[in-house]
There are 2 protein chains.
Amino acid sequence: MRDVAALAGVSIKTVSRVVNGSPEVSAELRQRVSQASAQLEFHPNLAASSLRRRDGKTRQVALLIEDVANPFSATLHRAIEDVANTHDTLVFAGSLDEDPQRELELVRAAVQHRMDGIIIVPASSDHGYLHREMHTGTPVVFVDRPPRGLVADAVLSDNTGGAYRATAHLAAYGHRDIAFLGDDWSIRTVVERYEGYERALADQGLPRREEIVACDLSDAAAAARATQGLMRLPNPPTALFTSQNLVTMGAIETLQAMGLHHRVAVVGFDDFPAADLLDPRVTVVAQDVFGIGTLAIRRLFSRIAGDASPVWEERLETRLIVRGSGELPPSDGLIR
Amino acid sequence: MRDVAALAGVSIKTVSRVVNGSPEVSAELRQRVSQASAQLEFHPNLAASSLRRRDGKTRQVALLIEDVANPFSATLHRAIEDVANTHDTLVFAGSLDEDPQRELELVRAAVQHRMDGIIIVPASSDHGYLHREMHTGTPVVFVDRPPRGLVADAVLSDNTGGAYRATAHLAAYGHRDIAFLGDDWSIRTVVERYEGYERALADQGLPRREEIVACDLSDAAAAARATQGLMRLPNPPTALFTSQNLVTMGAIETLQAMGLHHRVAVVGFDDFPAADLLDPRVTVVAQDVFGIGTLAIRRLFSRIAGDASPVWEERLETRLIVRGSGELPPSDGLIR
DNA sequence: TTGAAAGCGCTACCAA
DNA sequence: TTGGTAGCGCTTTCAA
C-alpha cells in the first residue's frame, strides 16, 4: 500500500480510501491510485485491515461438521457457502468425526483466527465451554443437534416426526415386526428418531421387541453385520427402519447378499445419492438439508450483524419419499 | 495479551514467549503467565501474529473445487483436510461450478486473505494470471486438470489410460458399438478420456461412430436425455462408456426406465457411492481420489516450506473395478 | 478533499 | 532470562 501511494504520489490514506471505495476522493486521484494498484498488482491485506477496522470482522466463518466428505455434511456446506458468498465471507470447514476432543481443537482454532462466527454439528455432549466465546463476540449456531448446557440458536430436523412417519408407513403396509437400526446413542438425533419409532409402534398397537433394535452402528459395515444378525433371528423382522443413510446402505447390502431385498421392506432416514437407482428403489424420509443450512447461516449472519433477539430454535419438516422399498408387504418364511 | 501481562506482572514480550513455547522463560514466570491466560480466557490473535511474524504464514490454505457437495470434490477435500490438520492449518473450500469468473474471484479472495497456498481444480482454461501470485509467495498446486499457460505442480489421474482400459474391457466382452458419454469438452479430463476411448477403439479395430459420441453432458439429467437419444438410434450402441459419475448415474437411470439395464453394458469413470448396490452392480474405473488429494497437499506444504525444486506433475493410476454392468454381453434387438 | 499521527495485537531485534 | 522499542499493513481520528 505504501508502494502504491508512492507510485501514485499520494498519501497512504488516500490509497486506503480508494481501495475501500470512499466517495470523497477526487476522480483524478482515484484514477492515479487505481492505475498504480494495477501496475503493482496490489492486493490489500484483509487480515491487517480487519485488525484495525472498527468492526473487526475477518469475513471468515467456521463450519464444524461430522465429515466434509459425507453427503449430509457436504450438502450443508454447500448451502452455507452459497449464502456466505453473498456476504463476501469465506467458509472454513472442519471434520469432527464425532470426536469431542477434535471439536474443542477446532473451536479454539476458529476463535484464535477470530472467525466471525461458528456453525456446528456438535460431537460433544456438553457445550457449556462455548458460553464465554458466545458472549465475547463469536456467535454460534447449532445444526442437526441441539446445544446442551448452553442456550444458543439451533436449526434442526423434526426427527421424531420423521421417524414416526416412517414407522407408521411400514405399519400401514401390514408390518408388525419392524426393526430399528441406529447410529451411536450418544448422538441426539438417534435418540429422537428412536422415540418417533417407539411412539409409532405404540400408536399402532405393535409390540416393542428389544431384540430387533440394533444400535451403535457407526458405519455401513456395522449396519450390514447387524442386519445379518437380525435376519437370522428365529422370528426376524419383516421391515427395517434405518435411521441414517450409511446405515440404510449397509442394511441393503446385506439384504441383497441374502437375497431378501424384495422381501424385506426398508424405509431409511435421510435421502442418499442413487437411492432411486436401486432395486427396489429406496423409500426414505428426507431432511431438507439445504434448507437447514440456509437457515443456519442466515441466522449466523444476523447474529454477526448484532441481532440480540432471543435465542431461537427451528425444526424443519421432513418429507416421506415413496419409492418402493417401503411398500413391500410382509413376507413369511424368511427363517432359514 | 496486554491484560495477561498486567495480571501476571510481566512484560507483554514474556507473555508472547510463553504463548509461543519459547524455552528461555523461567518456570515460575511461565506458570504465572499460564494462569493469567487461563483466568482471562486469553486466545492469541493469529492474524495479528502472522502479520508481524517473520514467515508471515496465516496457517490457512484455499481449496478451489468444482462443488464442495459433489463426491469427488468432497473426498478430495477430506484428504486435504487430514494432512492440513497435521500442519495446524485450516482449509477454506470454495465451489467454482465450472465458472472461470468465480475462479478469479476466489483466487483473489485467497490472495487478499494471504492464504499460505492454493489447491485448485481449475474451471478456467488459461491460468497465466496466476503467474504473479505464484512468484510472490503463494504456491499453487493443480489437481485433476493440468495448468495451461503456466508452469505449476499438478496431480492428475491417468485419464487416458483409464478410459482406454474401460473401453478395451467392453470390447473384450464382444462389444463393437461402444458409446462415449462425456461432460463439457472444455474440461481437460473429458478430452483425455475421449482420447483413451478413441485409442482403444482403434487398437481393437473397431469403427468410430460419431453418432454414438455424446458430450457436454453437465449433469445427470442431460446424460439421461442423451442416453435416450442413443438407444433410439436405428443401430444403437450395445455398451456405454460414461466418463464421469453424474453421467454414469444419468445413463443408468434411462437404461432402467427403458428396461435395458440388463442388456446394455456400462463402464463408468469414477466410482460413486452405492455403485455396488445397483442391479447390475456398476463396473467402474476408479480414481485414487484420496491419494490425489494427499499428494497435492503434501506438495503444497513442501512449496510453502520453501521447496524450490523443479515443477512436478504426477499421474496416478486408475483401477478397474469389475462388478457386473461392464461384463454384460452384446445384446441384439435393442431397436424399437 | 487530503494527510499526519496513533494504534489494532502481535513479534523481531537488540539492550539490559 | 527479561524487557523496551520499533513496526507488520492497515484504518481511525483529527487537523489542515
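Naming: A, B, ... by sequence-line order, numbering from 1 per chain. All values reported here derive from a predicted model rather than from experimental measurement.
- For the 3.5 Å distance criterion, the side chains of A:Glu81 and B:Ser95 qualify, holding a donor opposite an acceptor.
- Rounding to whole angstrom units, CZ of residue B:Arg52 and C1' of C:dC13 are separated by 9 Å.
- Across the protein-nucleic acid pair, B:Arg30 atom CZ and D:dT1 atom C1' stand 11 Å apart, rounded to whole Å.
- An OP1 or OP2 oxygen of D:dG9 is reached within less than 4.0 angstrom by no side-chain nitrogen or oxygen of A:Arg53.
- Listed nucleotides: D:dC8, C:dT11, C:dT1. Nearest to the side chain of A:Arg2: D:dC8.
- Side-chain atoms of A:Asp307 and A:Ser309 include a donor-acceptor pair closer than 3.5 Å.
- A:Val19 comes within contact range of no nucleotide atom at all, as no heavy-atom separation falls under 4.0 Å.
- Rounded to an integer number of Å, the gap from B:Gln112 CD to D:dG9 P is 15 Å.
- In this structure, A:Glu28 places its CD atom 12 Å from C1' of C:dT1, rounding to the nearest Å.
- Checked by atom type, the side-chain pair B:Asp184/B:Ser186 shows a donor-acceptor distance below 3.5 Å.
- Put simply, A:Asn45 has no side-chain N or O that comes within less than 4.0 Å of OP1 or OP2 on D:dC8.
- Mapping A:Val25 and A:Ala48 onto DNA chain C via the closest heavy atom, the residue that lands nearer the 5' end is A:Val25.
- Residue A:Thr14 places none of its side-chain N or O atoms closer than 4.0 Å to OP1 or OP2 of C:dT2.
- Regarding A:Arg114, its CZ atom lies at a distance of 12 Å from the C1' atom of C:dC8, rounded to whole Å.
- Relative to the side chain of B:Ser26, the nucleotides C:dT2, D:dT1, C:dT11 differ in distance, and D:dT1 lies closest.
- A donor-acceptor contact closer than 3.5 angstrom is absent between the side chains of A:Arg53 and A:Asn20.
- Relative to the side chain of B:Asn20, the nucleotides C:dT11, C:dA4, D:dC10 differ in distance, and C:dT11 lies closest.
- As judged by a 4.0 angstrom heavy-atom cut-off over every strand, B:Leu29 is placed among residues touching the sugar-phosphate backbone only.
- If you measure from atom CD of A:Glu24 to atom P of C:dG3, you get 12 Å, rounded to the nearest angstrom.
- Using a 4.0 Å cut-off, no side-chain N or O of B:Ser49 falls inside it from OP1 or OP2 of C:dC10.
- Judged by distance alone, the side chains of A:Gln60 and A:His113 never bring a donor and an acceptor atom under 3.5 Å apart.
- Between the P atom of C:dG7 and the CD1 atom of B:Ile12 lies a distance of 13 Å, rounded to the nearest Å.
- At the heavy-atom level, A:Arg17 lies under 4.0 Å from base atoms of the strands shown.
- With C:dT11, C:dG9, D:dT11 as the choices, the nucleotide that has an atom nearest any side-chain atom of A:Met1 turns out to be D:dT11.
- We find that CG of B:Leu51 is positioned 11 Å from P of C:dT11, with the value rounded to whole Å.
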